[in-house]
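Single-structure report; data block below.
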Amino acid sequence: MAEKEKKALEAKAEKPAKQDKEKKPSVFKRLGAWFKSLRSESKKISWASWESVRSNSIIVIIAAVICSAVIGLLDYGFSAAIVGLSRLI
């Protein structure tokens, strides 16, 4: 008896899962809806002006050069200190 009840419960549990798959739209419809939403969202984008992009890019390049110079000097200083310490020993 218990096995029959388990099978009946499993059969009931499987039916909604199959019905959900049937109600789900096809892959192409979902893909088309995604592209439509992508297009509508891309129209809402506020693009920066060329002058703003150029000035911000120059600032980033200058900051990167300064940071790399500082890191390079620190690396040189630490390596010279380690070489100096190794000569003492």
Side-chain angles (χ1 to χ4, degrees):
M1 275 260 193
E3 291 178 20
K4 290 181 182 179
E5 291 175 0
K6 285 182 185 178
K7 288 182 182 179
L9 289 175
E10 289 175 2
K12 287 181 183 178
E14 289 178 10
K15 287 181 183 177
K18 289 180 181 177
Q19 289 174 355
D20 288 343
K21 277 190 175 181
E22 292 172 2
K23 290 181 183 178
K24 199 175 200 181
S26 71
V27 173
F28 298 110
K29 287 184 180 180
R30 287 186 286 157
L31 193 60
W34 183 78
F35 276 114
K36 283 181 184 178
S37 67
L38 179 70
R39 185 175 178 197
S40 67
E41 288 295 324
S42 66
K43 289 180 181 180
K44 298 176 186 176
I45 296 174
S46 173
W47 297 99
S49 67
W50 171 246
E51 292 81 21
S52 172
V53 171
R54 186 178 58 209
S55 65
N56 289 339
S57 297
I58 290 170
I59 291 170
V60 168
I61 291 169
I62 290 171
V65 168
I66 291 171
C67 287
S68 63
V70 168
I71 291 173
L73 289 173
L74 287 172
D75 181 46
Y76 178 75
F78 286 132
S79 64
I82 289 174
V83 169
L85 287 174
S86 66
R87 289 184 182 166
L88 290 175
I89 298 175

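Along the sequence shown, the residues carry numbers beginning at 1.
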>> Are V83 and F78 linked, directly or through intermediate hydrophobic residues, by side-chain heavy-atom contacts shorter than 4.5 Å (ILVMFWY only)?
In response: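 No, it is not one cluster - the side chains of F78 and V83 are not joined through contacts under 4.5 Å.
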> Quick one: do L73 and V65 end up in the same hydrophobic cluster if we chain Ile, Leu, Val, Met, Phe, Trp and Tyr together by side-chain heavy atoms under 4.5 Å apart?
Replying inline: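 Different clusters: L73 never reaches V65 through Ile, Leu, Val, Met, Phe, Trp or Tyr contacts under 4.5 Å.
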Reported [atom1]-to-[atom2] distance for the pair [X] and [Y], which is rounded to 0.5 angstrom:
X	Y	atom1	atom2	result
F35	S40	CZ	OG	13.0 Å
S79	L74	OG	CG	10.5 Å
S52	W47	OG	CH2	13.0 Å

> Who pairs with E51 by side chain to side chain donor-acceptor pair (under 3.5 Å), at least two apart in sequence or on another chain?
Replying inline: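 With neighbours one apart ignored, the set is empty.
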> For K43, which residues count as a side chain to side chain donor-acceptor pair (under 3.5 Å) partner, sequence neighbours excluded?
Replying inline: none
